[in-house]
Structure formats: C-alpha cells, structure tokens
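Each ligand, and each atom within it, is numbered from 1 in the order the structure gives. Numbering starts at 1 and runs along the sequence shown. Heavy atoms only: backbone and side chains are in, while hydrogens, waters and symmetry mates are out. These numbers were taken from a predicted model, which means no experiment stands behind them.
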Amino acid sequence: MRREVDFLVIGTGIAGLTFALKAAKVGKVCIVTKSKADETATKYAQGGIAAVMYTPDTYEKHIQDTLIAGDDLNDEKAVRITITEAPERIKELIELGVSFDKNASGQYDLAKEGGHSEFRVLHHKDQTGLEIEETLLARAREDSNIEILENHFTVELITQHHLGMYVNRRTPDITCFGAYVLDRKNNSIDTILAKVTLMASGGAGNVYATTTNPPIATGDGIAMVYRAKGTIEKMEFIQFHPTSLYNPTEKPSFLITEALRGFGGILKDINGNEFMQKYDKRLSLAPRDIVARAIDNELKISGEDHMYLDCRHLNRNQLIDHFPGVYAKCLTIGIDMTREMIPIVPAAHYTCGGIKVDEWGNSSIINLYASGECSSTGLHGANRLASNSLLESLVYSHRAFIDSSQKIKHVSFCNEIPDWNAEGTVMNEEMVLITQTMRELQSIMTYYVGIVRSDLRLKRAADRLSILERETEELYKHSVLIDKICEVRNLVKVATLIVKMALERKESRGLHFSIDYPKVIDTEVNIYSPED
Ligand code: SIN
C-alpha cells in the first residue's frame, strides 16, 4: 500500500502523541506503532514529571540539579529551555485531561527523587505514565485528523538513497521523504510518504539482559537514523536504574520507583546495614549513576545477587496509598514491603544519548525530527536527572510542532520514491538464528559493557559484536522481513554504537565509568563515527 500524509509519527508514547495532537490541527497525521498503541515506555513510567511549581523551588535550582546530575556534559541552553518551558507544557497536559495527585490543601503533591534539591515531581500515585498514556491515546483516538496504525513496524526511513543517489555522512542535504513500514498482519511493506516525519520510537534497554524497559524498546529509531546517515551522539551514556525488583525469572524487570527513596526508603546491604554513606553524602538520594555504581560495587564485594530497599519504618497507610502499584507487585512475589525489605538490583533503564537534534527537534536529516528517549537534545548530559524525561518529550515535541508546522508549507511529496523491493528474499525458517543472536548480544552487553567498564572488556565486546553484525546483515538481506529480524538488527546496531562511543570516551563521566580512565577530562569527545 502507498499513502501520503502530512505528518508521519513513529511511536505512540508521550513524545509521539503530544506532537500528533498538535500537528492534527494543521494537517493529516499518521502514527505508526509496531505493537499495540498503548505498549510504550511512557506507560511504565512510575515516578512522574519534574517541574518547578511553587516556591521555595526555582528554575535555577532545577537547572543546577540537572547540570550536576549530567556531570556538566549537558547543553546548558537545552536545559534552560526545557525547565523554563515546563509549566506551560504541563498546563496543556492537564487541559487534555491528565490528572496529577493533590494534597489536602489542593496543591499538587510533589515528590522528590535522586539528585533533586526540592520536591518537584508531579505524579499520579506510582502510575504516572499509565495515566498520561491512557489520556493522550484517548484524545488521539477522538481526533479525525489522526490515524493510528498498530502492528506496523517501521523498517527504514526513506531518503534520496532510495532514488539511487549516493549518500554518506558528509552529504549536506540528506532529506527524509517518509518511511517503509511493515504491516505485520498482512506481511506487506507499505510506502508512507510524508512531508514531515517525527521519530519518537523510544529507547534501547533491550540491548541488556536485565532492563526495566518493555520488550518493544529495541532502539529502532536510533538504528534507522544511523543507517540513513543521520547524526547519533552520546550513546555510551546508558542509565541503569538502581532499584529494579530482584526477581530473576521476570522480564522486563519491575521498576521500584525512585520516589520510594524520596519518600524515605533506605538502601541496605544483605545484612540490613546502610552502605550509601561510603559513597555520597546525599545517601540513597544521590544521582542515579552514583547509586547504581555503589550497589554494583556492594554486589561485587559481597558476591550477593541483590541488595535491599527498606521501607519498613515508613507509615504503612501512606506507603500503600502513595505506592499502590509497587505494593501490589511485591505482594505477588510474597513480599509485604511494609514489613519486609524489598530485594533490588540495578537494571538498564534509559538511553541518554540518541538522535542528535537542535533546539527545535530537527535531526541532521532534513524534514526529520526526533523527540523523547530516542533523541539527544543535550538536556541529560552524561546522566539524566530523574523524572526529566517525560518533561523533555513534552517540550521538544511542542518545539518540533512549532518548527515543522511552518516548514511544511514549503514541502511537497516525493512521488518518485519506489515501493519496497523484496526480490530475492526467502522466508527465514530458523527462528533460532534470531533468538540466539539476541541472547549473545544481551550477554555481551551485560558482562562487558555494564555499569563499570574497561578498555579490555569494551574491545572484546566490539570484536564479538562485529560477528553478530555481519551475520545479522546477511540474514536481513536474504529474508522476507519480519519484525524480529528488524529488531535484532537494530539492537545489534545500537550496541555497536554504545561500544564504539564508550571506547572513544577516554574518561569517566556520569554514567560512563571506566577503570582505565577514572578521571573526568575537559575536552569534548567526537560525537559519531564518520566512517561512511
Ligand atoms: C522512577 O520512578 O524511578 C523512574 C522515573 C524516571 O526514570 O525518571
């Protein structure tokens, strides 16, 4: 099938939906999602949205907290834009119907998380993401200018490369004309021509064996933009959430929100002793990179499989009222968190780098915008401050809308784009080729590219990934496409970018910690490989 739409949006999380709802006021919008529309990382966000709502909080305090957490690798302009535009964007979200908890005096009940100097996290119990996702999706479904295509997997972005022109990373005018999209039900590859495309496809937590991300988080957008010769940066900064529920057979790992530590939960070792005083004066509420490294170190020293989060001293009723989701989940594995400590381990949680965008969400490819976890705006630097990511999506999707709604007036469809050519491909009969590649990939990344890194481990990872990449590209070229082949191909590509950028960073900064370069250096590291 061939379609023409003004705006093509890839992804149905907060970034894609808030952009789509605005874009629908000026043109036809098609949103594609590889799974069901509500299966996004947004839905699983527990903590909330950080924003300055009342005194004694100030923009400046939130800005400084973001810069400190980001280990000074943030783009300060992006930080200031995001934080000062937050109240306006949050007001819009509330007008769309999203409800945030209030206290008895009618003010928003603000939570605190690691790295924040004030209480500033708006939340809906411990299910903020679910509240946002359901509300935005309901609004999008009501809008006659928005079409949502579920079970549609975006395979490749369309550029002049598909007109037979040679494109490399130095080509100055690479232009996006839409995307080739696999309709999973009909097994056909559709051509969707678009004047403007927004990549909002989320992160890549599934490069690791243990992640809080849903299975859909396979780095598709980042890999696609890289293959289309767009600029990707800061992929070495993978955030491990310090506290996922230790339950080895469960995938994805269940998140134990950092707001629980903001509420008074304390990290303890296997003997029930506090340990964070050895690492940081902010104790259990230090920024995530520090807490995750501390837990990793305690696990290595003790040889244990998990540490604990202790909430037993907190008010039982308030605990259950504020964290009903965590309480119910712990009960399912026989833990009453009001009486017993919660076993926790760090898990891959957030991709801080990604598709490099400017202050209006423009990627390096003309007419291609990016927002949300797949993008790199400069807000997070070397380590994202907790609950800054939903906010970043709101701000940058709005900015992408403002910019693209002007630009679109001067863009026309590129009708010369050919349909997908599947000649010479055959049905892959051996799923084991894909599942085993996935296992190998996750094992390489988990053991060689985790919280603490070294050149030796990174080089081993690079060598092994190059074999997986060769094999996967071969499989991709000769197979009738199915989503699983595309996903594993994307994950392998993203993993190679993480390792490559980690090897290039000869320092320890934020989330990237190398035993070979324990100090921070001043010079900025090359942002991407200009090899092709
Ligand atoms: C959490 O609730 O701890 C996660 C929030 C976030 O990742 O920002």
Run the salt-bridge test on [X] and [Y] with the 4.0 Å N-O cut-off and return the result as yes or no.
X    : Y    : result
E131 : K43  : no
E392 : R384 : no
D220 : K34  : yes

Please confirm whether [X] comes within less than 3.5 Å of ligand 1 when only nitrogen or oxygen atoms on both sides are compared.
X    : answer
S389 : no
H241 : yes
R384 : yes
G47  : yes

Query - Ring centers of H322, F263 separated by less than 6.0 Å - result: yes
Query - Shortest reach to atom 4 (C) of ligand 1 by a heavy atom, considering only H123, Q46, R288 - result: R288
Judged by non-hydrogen atoms, does [X] sit under 4.0 Å from ligand 1?
X    : value
R261 : no
A45  : no
Q239 : no

Enumerated ligand 1 atoms positioned under 4.0 Å from heavy atoms of [X]:
X    : result
A386 : 8 (O)
H349 : 4 (C), 6 (C), 7 (O)
E258 : 1 (C), 2 (O), 3 (O)
S387 : 6 (C), 8 (O)

With distance as the sole criterion, is a donor-acceptor pair present between the side chains of [X] and [Y] under 3.5 Å?
X    : Y    : answer
Q239 : D289 : no
S117 : D65  : yes
H349 : T212 : yes
H62  : N388 : yes

Requested in this report: Of the side chain and backbone of L255, name the one, both, or neither that has a heavy atom under 4.0 Å from an atom of ligand 1.
Outcome: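 Within the 4.0 Å criterion, L255 contacts ligand 1 through side-chain atoms alone.
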**Report entry** Y447, OH atom: more than 12 neighbouring heavy atoms under 6.0 Å
**Finding:** no
Query raised in the report: Which residue and non-hydrogen atom of the protein lie closest to atom 1 (C) of ligand 1, and at what distance in Å?
Result: T257 OG1, 3.4 Å
